[in-house]
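These notes are about the structure you will find just below.
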There are 2 protein chains.
Amino acid sequence: MEPTIKVALLGFGTVGSGVYQMLTENKSKITQKKQVDFEICKILVGNRTKHQAAIEKGVPITTDFSEILNDPTIQIVVEVMGSAETAREYIIHSLEAGKHVVTANKDALALYGDELTRVAKENNKNLFFEASVAGGIPIIRALTDSFIADSIQEVSGIINGTTNFIISRMSEEGESYEQALALAQEKGFAEADPTGDVEGLDAARKLIILVKLAFGYRMKLDDFPVSGITQLKQHDFDAAKHYGFTLKLIGSAKQLEEGFTARVGMYLVPLAHPLAMVKNEYNGVFVKGEAIGETMFYGPGAGSLPTANSVVADILAISDRIKWQQTESFLPLVSNDYSWHQAGTLVTDALVRVGDQEAVASLVSQKLNGEVSKYGADYMYLSNITEQQLEELEANERVEAIYRKL
Amino acid sequence: MEPTIKVALLGFGTVGSGVYQMLTENKSKITQKKQVDFEICKILVGNRTKHQAAIEKGVPITTDFSEILNDPTIQIVVEVMGSAETAREYIIHSLEAGKHVVTANKDALALYGDELTRVAKENNKNLFFEASVAGGIPIIRALTDSFIADSIQEVSGIINGTTNFIISRMSEEGESYEQALALAQEKGFAEADPTGDVEGLDAARKLIILVKLAFGYRMKLDDFPVSGITQLKQHDFDAAKHYGFTLKLIGSAKQLEEGFTARVGMYLVPLAHPLAMVKNEYNGVFVKGEAIGETMFYGPGAGSLPTANSVVADILAISDRIKWQQTESFLPLVSNDYSWHQAGTLVTDALVRVGDQEAVASLVSQKLNGEVSKYGADYMYLSNITEQQLEELEANERVEAIYRKL
């Protein structure tokens with residue numbers, strides 16, 4: 001007889017129902033491989049009537065969190081709800097009640113990661129969150145387990161599938177931003193209010209988690225520049241291609257000699273770069289380390305079953321630790337101090353779109369350190385320009401968009 | 001005071017010296033992150049005089065394995081030697097002497113994996129081998145930890161950097177096979193006798209390991225077709241490109257409705273497939289699962305520090321397990337029975353190179369099930385052809401090469 005580990009789900013939406021499906025349908029396979037059995041004994045939802053069909057099939061739906069919290073036989077709580085504040089509260093209560101927690105909640109981790117980690121440590125419980133970044137891609141485990149002895153120099157990720165889908169439609173199919181966004185909404189990749197995705201905020205929250213694991217730095221949303229895809233124009237892709245690049249929304253953090261730098265925005269990605277092939281709703285995370293060199297992890301960034309697979313992997317990892325009475329909290333409590341780069345010393349290339357031809361002429365005539373090449377009426381490509389100069393350009397009202405080289 | 005875990009290395013070549021470098025140079029960082037200290041207290045070599053410089057610097061070189069075997073304070077033995085037979089012997093002795101083992105030895109694992117796993121289990125010791133496939137890419141951990149609840153449908157990997165380098169030079173630089181091989185040898189990517197790489201044997205051994213982890217099947221070298229890159233001609237890449245493909249040496253295993261199929265050989269890879277961008281000496285492993293969908297892991301397949309990074313990750317994983325008195329052997333002992341596909345039912349596309357124009361005409365006039373398209377004088381592209389028909393073509397002496405679609 002295998003030991004049975006009781007699991008409760010908080011939330012029964014896209015991810016929650018995927019977790020339920022995987023744990024029930026693959027039960028015998030998992031039991032055989034891991035010598036452990038799982039039972040999902042409670043599922044917390046906000047509204048019973050919405051889940052009437054599931055209830056009739058015997059799915060153990062409840063609307064009362066205390067039924068979970070006060071059941072000492074429940075060992076693992078899986079938080080897949082959504083709201084950062086409610087998630088924070090439920091995660092803390094669960095950890096304090098002696099339960100291990102798996103969460104897919106990037107917002108809660110980006111905002112309250114330190115507090116959640118501290119509570120997990122204080123209560124000697126595990127807090128795992130593989131699904132919080134890049135859905136189905138096991139990037140968290142790679143950073144915490146596989147690259148732990150290395151010195152990471154760069155993490156750059158296409159970590160928002162919605163915007164990558166829109167970008168791909170614009171780049172590959174010649175659609176306008178509005179057409180591509182409408183299609184993304186039609187396909188369910190984008191929400192009715194797409195602000196969080198298209199403004200880069202979703203990617204920024206995920207970058208905060210990646211930076212913490214890769215560099216040990218505690219960033220806040222205000223600490224680094226974040227922009228999205230709303231300024232994109234169809235013609236931008238032609239200009240980028242002219243110089244050998246494609247354009248991608250990337251959350252990028254680098255440890256350079258000049259200091260640490262992090263940003264979410266549209267980047268020029270060399271066509272031969274591994275991230276250039278990450279298309280449609282897929283995600284990709286590029287990691288460069290002193291020992292490991294260049295690696296890239298590619299896969300689905302969202303979706304019911306891919307994300308559920310990461311959640312289930314966390315549940316299995318915790319069940320191992322329960323078996324061996326071992327605890328571990330992935331998020332490092334101590335954040336190293338870090339020195340932000342000095343904008344004046346950081347040199348890069350960038351493609352700049354300006355409002356009109358006169359503006360180009362006027363900007364080109366400015367004393368820029370680097371070389372300038374013009375493309376069409378609206379674009380200039382600046383080589384070896386300092387970050388400081390780019391920031392000055394950004395403040396110029398004639399400048400419509402700046403795309404830095406990754 | 002952190003606990004110190006004593007480690008012995010068997011071998012001080014490319015990988016061994018990389019492991020020594022990482023564990024000594026990153027000592028304080030590792031100690032801080034993992035709350036454990038490591039000491040490499042013995043390094044077994046075949047010949048002391050070769051390592052005189054290291055000995056003078058205080059590296060603890062020995063030529064006597066019994067010094068390691070009989071030292072009860074050594075808890076982890078790292079086997080990075082080379083020969084499968086010697087490695088097998090030393091790994092077994094180490095496990096029997098109560099030591100955990102990390103190995104990078106794909107040959108030993110492909111040939112003696114079951115025996116080594118059995119001995120590890122019997123002695124309640126860990127046997128880890130992340131570095132054995134695709135060097136720096138954490139693909140073993142992904143298969144054993146992250147995708148364990150999923151049903152894997154396909155594993156296809158560019159898992160030999162030497163041949164991928166040669167292929168890239170031919171494809172991108174227009175070099176001949178002989179030129180590209182000579183350059184690979186000059187750069188140290190290919191050995192003086194490149195047989196194991198260019199005939200596909202190295203990839204085949206790695207595929208055996210991947211198949212065991214992904215599908216639980218125990219394959220032997222004679223169980224599946226293995227071919228390499230020696231038949232490649234420059235013009236093949238043009239023909240492949242004409243039909244929207246690039247050519248890659250791939251170890252591929254698929255669980256299809258028709259049964260299980262595995263092969264190492266040159267494949268037609270669609271240009272938009274994630275593996276198409278894996279170039280030069282890099283490796284890439286594509287994994288498709290029922291839940292996870294399509295993922296790909298990209299990175300260096302060899303090299304001192306990337307491979308050492310995987311070995312060190314294994315050492316750290318074992319040190320966790322020592323701390324928690326936990327043991328685990330990755331390789332599953334039980335191999336499921338598997339039903340090989342029936343060649344007659346399996347349908348694919350293929351590009352075929354024939355010796356002369358008459359041969360093309362003659363073959364085209366044969367009653368082939370699928371559609372036939374000709375390219376130049378020497379190539380025909382067959383759509384929807386059965387594996388059985390391809391095998392018949394393979395036996396035809398006028399057929400020089402067959403490239404199946406991945």
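In the text below, chain A, chain B and the rest are named by the order of the sequence lines, each starting its count at 1.
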Can you tell which of A:A276, A:G303, A:P300 has the highest number of heavy-atom pairs within less than 4.5 Å of chain B?
A:P300

Heavy-atom contact with chain A under 4.5 Å, split by part of B:S310:
neither

Quick one: does any side-chain atom of B:D150 pair with a main-chain N or O of A:N309 as donor and acceptor, under 3.5 Å?
no

How long is the straight-line distance from CD1 of B:I137 back to CD1 of A:I292, given to the nearest 0.5 Å?
8.0 Å

Using heavy-atom distances under 4.5 Å, tell me whether B:M277 contacts chain A through its side chain, its backbone, both, or neither.
side chain

Heavy-atom pairs under 4.5 Å with chain A - which of B:S304, B:A308, B:G299, B:A317 has more of them than the others?
B:G299

Taking every non-hydrogen atom, the tightest pair across B:A313 and A:S146
CB-O, 3.6 Å

Between A:F147 and B:G136, the two heavy atoms sitting closest are CE2-O, 4.2 Å

Non-hydrogen atoms of chain A under 4.5 Å away: do they reach the side chain of B:N26, the backbone, both or neither?
side chain

By a 4.5 Å heavy-atom criterion (distance strictly below it), what part of A:I148 contacts chain B: side chain, backbone, both, or neither?
both

Let me know if B:S151 has heavy atoms under 4.5 Å from chain A in its side chain, its backbone, both or neither.
both

Run the numbers on B:E294 and A:Y282 for side-chain contact (heavy atoms from CB on, under 4.5 Å), then give the verdict.
CA-CA 9 Å; B:E294 300 191 349; A:Y282 280 86; 3.8 Å; yes

Nearest non-hydrogen partners of A:P274 and B:Y298, listed with the distance
CG-CE2, 3.5 Å

